[in-house]
J.: 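Just dropping this structure here.
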Amino acid sequence: MDTLLSTLNSSQRAAVEYIDGAELVIAGAGSGKTRVLTYKIAYMLSMGLKPWSILALTFTNKAAREMKERIGSLVGPDAAHYLNMGTFHSVFLRILRAESEVIGLKRNFTIFDDADTKSLVNSIVKELKLDDKCYKPSSVLSRIGMAKNNLITPEAYAADGSLLERDHRSKMPKLCDIYRLYVQRCRIANAVDFDDMLMYTYMLFRNHPEVCKKYADRFKYILVDEYQDTNYAQQCILTLLTRNQNNKICVVGDDAQSIYAFRGANIDNILNFQNIYSDAKLFKLEQNYRSTQNIVNAANCLISHNQRQIQKTVYSENPQGDKVKVNVTYSDREEASVVCNEIKRLHRREGVEYGDCAILYRTNAQSRLFEDELRRENIPYRIYGGVSFYQRKEIKDIIAYFRMVANPDDEEALKRIINYPKRGIGATSVDKLIAASRQYNVSLWRVIDNPKAYVEGLSSATAKRIVAFHDMMQVYIDSSTTTDVYILGKRIIEETGLSQEIFADGSVDAKERRDNVEEFISGLHHFVDSKREEDYGDEVYISNFLQEVALVTDADKNNNDENSANRVSLMTIHASKGLEFNTVFIVGVEENIFPSPRACEFPRELEEERRLFYVAITRAEKHCFISCAKSRYQYGNMLFNEPSRFLRELDRNVVDVNGKLTTNRAEYEDNMFSSPYNRSMPTTRDPQRFRKIEPARVKSFTSRNPEYTQSGTRYPQASSSAASASPASAWQASPSAPQRLAVGMTIEHQRFGMGKVVKVEGYGENQKATVDFENAGTKTLLLKFARYNIK
DNA sequence: CAAAATGTGGTTTTT
DNA sequence: CCACATTTTG
C-alpha cells in the first residue's frame, strides 16, 4: 500500500488517506481524479473496511466497470467483486426491486424508456383532448422530469402556485393533470421511468426509516463520482443514507465541468456541499497531468469569466506546448476542409495517429460536413452517438415481447406488439380495448384476457384474435420462470412471427436489421453464459436480462476493439466528458451555436455553456484547435453567425487567432467570391442563393402544382379503363381479380414481380392476400388496390 | 395494407 | 437540410 501511495502527489495522497468523515474533493480537469478514487477504495480495504460496506456511485456503467477493474488489479479481484459499485440508477433499481412491495409495486415491474414515456404522454394528451401543439411530449416530459428530480409529487405540484403560474405562462395549464395521470398510468402498468428510480428510492427511505436503516447499516462508506452532475433527488437520498446515519461520505467532482443542468443536475450540490456537511473536509487537486501549459492556461482564462465556482488554481508542469489556435473560416465547408488538412498534416509531419484526434462539436447535426470531408480524404473516423443498438426498432420490438412476458401489465409494450407482426387487431380495436381499460381502471392485459366482457360491440372474429394473442403470451409467461432467456427468447422471436417479419424481407435495407437481430440473439447467449458463471450456475430468465438491459447504453460499450482503433473520433462535447485526446478540434464555435441561443437569456445557462467549452478545451493533451465559420447552412438556409463571445474571452497570450473575430454579411459576401478556396471548390450549392434568389421556391411551386407535374401521366384509378393506352393499364385493375385469387397461385405484381400467394383473408373491400415474392420478400396486399396478373 | 406525398419542427443526453 | 409523423393515393 505504501508503494501505491508514494506514486501520488501530496494533495492526492491527502485526499486518499482522509477517511474519518465527510469529504469534498474538487478535482480539476486532468488531475488524476479516477486514480484518487481507485486508490482511496484500495486504501480503505487495506485499512480493514469490508468491500460490501463500500458503495461507489458513478455517472455511467462504464465508469463503474472500469473502476472495479482497476481496483481489482490493485487489491485482487475477489475483494473488488464484493464492492457495491454502479450508477445511482442501477444501484437503486436493485434496491427498489428488493423492496418493491413496500412502495406498492409488483416485483416484476418494468422500465419505461424514452419512447414509452413519450407515447404515454401523447396518449394522455389525446385523452384529455388537449392541443398537441402546446403539449409537446418533449416539453411535458421535461416538466415532469424536473418535478420528479426535485421530489415534487403530483399533489405537491398541483398545490404549488409558482409552478402552476409558470405552466400557465407557457400555455400548458393542464400540465399537473397530465403529471397526475402519467404517474397513475405508470403504476397501473407496473412500470417506472428513469426519474422514478430516484424519486421512489427517496420516498422509500423517507417513509420507511427501518428500510433506510437497513441500507445505511450496509453502506458504511459512500463515494460519489462526478458529483457536480447530481440532482436534488440524488442529493436527498445521499443525505438520508449518510448525514442522518453518521455514515461517511466522499464526493468527487469539478464544479467547472458541470454540464448536465438541462437534465436536472444542480451545480449547487457541489457548491454548497459544505453547508450540508458542515464538518466536511475540502481537498483540491490542482495539478493537471494531461495537458500542456498553454492549454491549461487557455481553459483557466475562459472559466475565470464564470462567477459561480469554487476557487482553485489548476496548473500544469508539462511542457508549455503550442498556443491554442483559433481559426476563422469563411464557410462551414471550408472549416471542415481546414480541419481535415490539419489532421493530415499532423499525421504526416508529426506522427500523430488518427486515433489521437477528436473533433468535438456542440450538436450532433454538425458532424455531417466533417464526415463527408473525412470520407473524401480517406481518413478513418468513428462517430459516437446517434441511434444506439437498443433503440433500433427491431430490437425494441423483441424487447417489448420480453417486457410483456416479464410484466404483462406493461401497457406500452403491449401496444407495441399486439398487432406486430400483423395479426388482424387494428387500431380501432386497440383503441376500444384501451378505452375499456381506462373505464374499468384495470390494465390492458386484464381487458384482453376477456375482451368481450369489457368491450361492447367487438366483432367475435376480432375478439377471437385478441384472445389468441393473449393465450400465446400466457404460454410464454408461464414458461418464463422455468426456461432461460436464450431458449425462450429464440422461441418468441421465431413463433410470434418476428423472425418471419425481419428475415423474409430480402431487401438490402433489411440486411442491417437482420444483422442486428442476429447480434441480439448471440448477445442473449453470451448474457446467459456469463451470468451463469458469475452467479454460479443459476438459471437466467427474461426478468434477469431485462433488469440489466434497461440501463445499458452505447456509451457503456468498450470502444477498444480493432474496429474503432486508430480512427478520428467525432462526438459532441457532452459525450467527450471524461475522455482525453492528443489533439482536439473544437468546431463551430459561433454565436447561436455555442453558446446556443436558448442559453443566452439566462446567466446561469450561459455559465453552463462556458463550462462546456471548458470541458472541450481540457480534453486536449498536446494540440487544441478551435474554429468557427462566418457562414453556415442550418435547416437549409444560410446563416451568418458571429464568432462566439467565448473566443473574445480567451487571452491572446495563450491563443493564436487566425482571422478576425468579427463579421458581417457584407464582408462575408466580398470574401466569398474572391476567396481562392471557394472558387476552386466545386460546390453543390448554387451561388445564386447568396443573391437572395430562392430556387427552392420555384421548385416547390412545380412539385405542388398537380396540373403541371402530372398532366397526361396519371389517371384516377376509377377511370382506368379509359386509360388503356397508358403503360399502367397493361396491369390488371384489381376489382375483377380478387375472386379468382387463391392460395398457391403465382402472380406477377406490377412492382414486386413474381410471387406465390400464401394466404387470402377478408372479403370484398377488405380482402387482402399475403404473397411471398421472389425478390421483394413477403408482402400483404390489399387487393382493392394491388396491380397484378395471375400467371 | 403499403408506398408516396406532404407537413412539421428542429440543443446538449445519461440513466 | 433532414428526420419524423401524418395524410393521400393506389
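We name chains A, B, ... by the order of the sequence lines, and we start the count at 1 in each one.
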J.: Note every stem involving DNA chain B: at least three consecutive Watson-Crick or G-U wobble pairs, i with j then i+1 with j-1, with both distances under 3.5 Å.
T.: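 Correct response: B:1-10 with C:1-10.
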
J.: Mind checking if A/Asn122 touches a base, just sugar-phosphate, or nothing, with heavy atoms under 4.0 Å?
T.: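 No contact.
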
J.: Is the aromatic ring of A/Phe262 within stacking range of B/dT12, meaning centres under 5.5 angstrom and planes under 30 degrees?
T.: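 Yes, A/Phe262 stacks on the base of B/dT12, since the ring centres sit under 5.5 Å apart and the planes are within 30°.
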
J.: Would you call B/dT11 syn or anti, using the 90° rule around 0?
T.: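 Nucleotide B/dT11 adopts syn.
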
J.: Tell me: OH of A/Tyr227 to P of B/dT14, nearest whole Å?
T.: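 Going from OH in A/Tyr227 over to P in B/dT14 covers 22 Å.
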
J.: Hey, which of these two, A/Ala365 or A/Phe194, hits DNA chain B nearer its 5' end, going by closest nucleotide?
T.: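 That would be A/Ala365.
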
J.: Phosphate oxygens OP1/OP2 of B/dG10: is one of them under 4.0 Å from a side-chain N or O of A/Lys136?
T.: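 Checking A/Lys136 against B/dG10: at least one side-chain N or O falls below 4.0 Å of OP1 or OP2.
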
J.: Tell me whether the side-chain N/O atoms of A/Asn364 come closer than 4.0 Å to OP1 or OP2 in B/dG10.
T.: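 Result: no.
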
J.: Just compare B/dG10, B/dA2, B/dT13 and give me whichever is closest to any side-chain atom of A/Lys422.
T.: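 Comparing B/dG10, B/dA2, B/dT13 against the side chain of A/Lys422, the answer is B/dA2.
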
J.: What are the two closest heavy atoms between A/Phe370 and A/Ala336, and how far apart are they?
T.: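 Taking every non-hydrogen atom into account, CE2-CA, 3.6 Å.
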
J.: Sequence neighbours left out, what passes ring-ring contact (aromatic ring centres under 6.0 Å, His included) with A/Phe59? Give chain and number order.
T.: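 In terms of ring-ring contact (aromatic ring centres under 6.0 Å, His included), with neighbours along the sequence ignored, A/Phe59 is linked to A/Tyr260.
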
J.: Using the P atom as the reference point in each nucleotide, state the distance between C/dC4 and B/dT13 in Å, no decimals.
T.: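 C/dC4 and B/dT13 have their P atoms separated by 15 Å.
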
J.: Send over the distance from A/Lys62 NZ to B/dT13 P, rounded to a whole Å.
T.: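 Whole-Å distance recorded here is 15 Å.
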
J.: Apply side chain to side chain contact (heavy atoms under 4.5 Å, CB included) to the pair A/Val252 and A/Tyr227, showing each step before the final yes or no.
T.: CA-CA 6 Å; A/Val252 182; A/Tyr227 191 69; over 6 Å; no

J.: Send over the distance from A/Ile259 CD1 to B/dT14 C1', rounded to a whole Å.
T.: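 About 11 Å, once rounded to whole Å.
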
J.: Just compare B/dT15, C/dC1, B/dG9 and give me whichever is closest to any side-chain atom of A/Lys133.
T.: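 For A/Lys133, the side-chain atoms sit closest to B/dG9.
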
J.: Side chains of A/Tyr182 and A/Asp193 only: does a donor on one sit below 3.5 Å from an acceptor on the other?
T.: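 Yes, because at least one side-chain N or O of A/Tyr182 sits under 3.5 Å from a partner of the opposite role on A/Asp193.
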
J.: Which residue lies toward the 5' end of DNA chain B, A/Thr363 or A/Gln391, if each is placed at its nearest nucleotide?
T.: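 By nearest-heavy-atom nucleotide position, the 5'-most residue is A/Thr363.
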
J.: Can you tell me how far P of B/dT15 sits from CE of A/Met197, to the nearest Å?
T.: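 Atom-to-atom, A/Met197 to B/dT15, this comes out as 11 Å.
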
J.: Write down the distance between CD1 (A/Ile237) and C1' (B/dT15), rounded to a whole number of angstrom.
T.: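 Taking CD1 of A/Ile237 and C1' of B/dT15, I get 13 Å after rounding.
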
J.: Pairing donors with acceptors under 3.5 angstrom, does anything connect the side chains of A/Thr230 and A/Asn269?
T.: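 Present: a donor and an acceptor within the cut-off.
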
J.: Under 4.0 angstrom, heavy atoms only, what part of the nucleic acid is A/Phe88 near: base, sugar-phosphate, or nothing?
T.: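 The residue A/Phe88 makes no contact with any strand.
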
J.: Under the 6.0 Å and 45° cation-pi test, does A/Arg382 pair with A/Tyr384?
T.: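 Checked: cation-pi criterion met.
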
J.: Among B/dT11, B/dT15, B/dT13, which nucleotide has an atom closest to any side-chain atom of A/Thr87?
T.: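 Within the option list, the nearest is B/dT15.
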
J.: Return the value, rounded to whole Å, for the distance between atom CG of A/Leu369 and atom C1' of C/dC1.
T.: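 Rounded to the whole Å, the gap is 11 Å.
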
J.: Would you say the side-chain atoms of A/Thr58 and A/Arg65 include a donor-acceptor pair closer than 3.5 Å?
T.: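 Side-chain D/A pair, A/Thr58 to A/Arg65: absent.
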
J.: Hey, does A/Glu608 reach any base, or is it just sugar-phosphate, or nothing, if we go heavy atoms under 4.0 Å?
T.: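 Contact class for A/Glu608: none.
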
J.: Do we get A/Arg97 above A/Phe109's six-membered ring, with its NZ or CZ under 6.0 Å from the centre and within 45° of the axis?
T.: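 Ring-cation test returns yes.
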
J.: Rounding to a whole Å, what distance do you find between A/Asp131:CG and B/dG9:P?
T.: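 From A/Asp131 CG to B/dG9 P: 10 Å.
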
J.: So for atom NZ, which belongs to A/Lys396, do other residues, nucleotides or ligands contribute more than 12 heavy atoms lying within a distance under 6.0 Å?
T.: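 More than 12 within 6.0 Å, yes.
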
J.: Verify the neighbour count for atom CZ of A/Arg598: are there more than 12 heavy atoms of other residues, nucleotides or ligands below 6.0 Å?
T.: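 Atom CZ in A/Arg598 is not packed in, count stays at 12 or less.
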
J.: The side chain of A/Tyr635 lies closest to which of these nucleotides: B/dG10, B/dT12, B/dT13?
T.: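 Nucleotide nearest to A/Tyr635's side chain: B/dG10.
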
J.: Can you check whether A/Tyr384 has a side-chain N or O nearer than 4.0 Å to OP1 or OP2 of B/dT12?
T.: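 For A/Tyr384, the contact criterion (side-chain N or O under 4.0 Å from OP1 or OP2 of B/dT12) is not met.
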
J.: Return the polar atom pairs (N/O with N/O) between nucleotides 2-7 of chain C and the protein under 3.5 Å, or none.
T.:
| unit_1 | atom_1 | unit_2 | atom_2 | d |
| --- | --- | --- | --- | --- |
| C/dC2 | OP1 | A/Arg368 | NH1 | 3.2 |
| C/dC2 | OP1 | A/Arg368 | NH2 | 3.1 |

J.: Under a plain distance cut-off of 3.5 Å, with no hydrogens placed, do A/Ser331 and A/Glu334 share a side-chain donor-acceptor pair?
T.: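 No, no side-chain donor-acceptor contact under 3.5 Å.
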
J.: Think A/Ser90 has a side-chain N or O under 4.0 angstrom from the OP1 or OP2 of B/dT15?
T.: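 No.
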
J.: Roughly how many Å is it from CD in A/Gln366 to C1' in B/dG10, rounded to a whole number?
T.: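 It is 14 Å, rounded to the nearest whole Å.
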
J.: Look at the side chain of A/Arg263 against the base of B/dT13 and say whether a donor-acceptor pair falls under 3.5 Å; ignore hydrogens and angles.
T.: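 Side chain to base: no pair present.
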
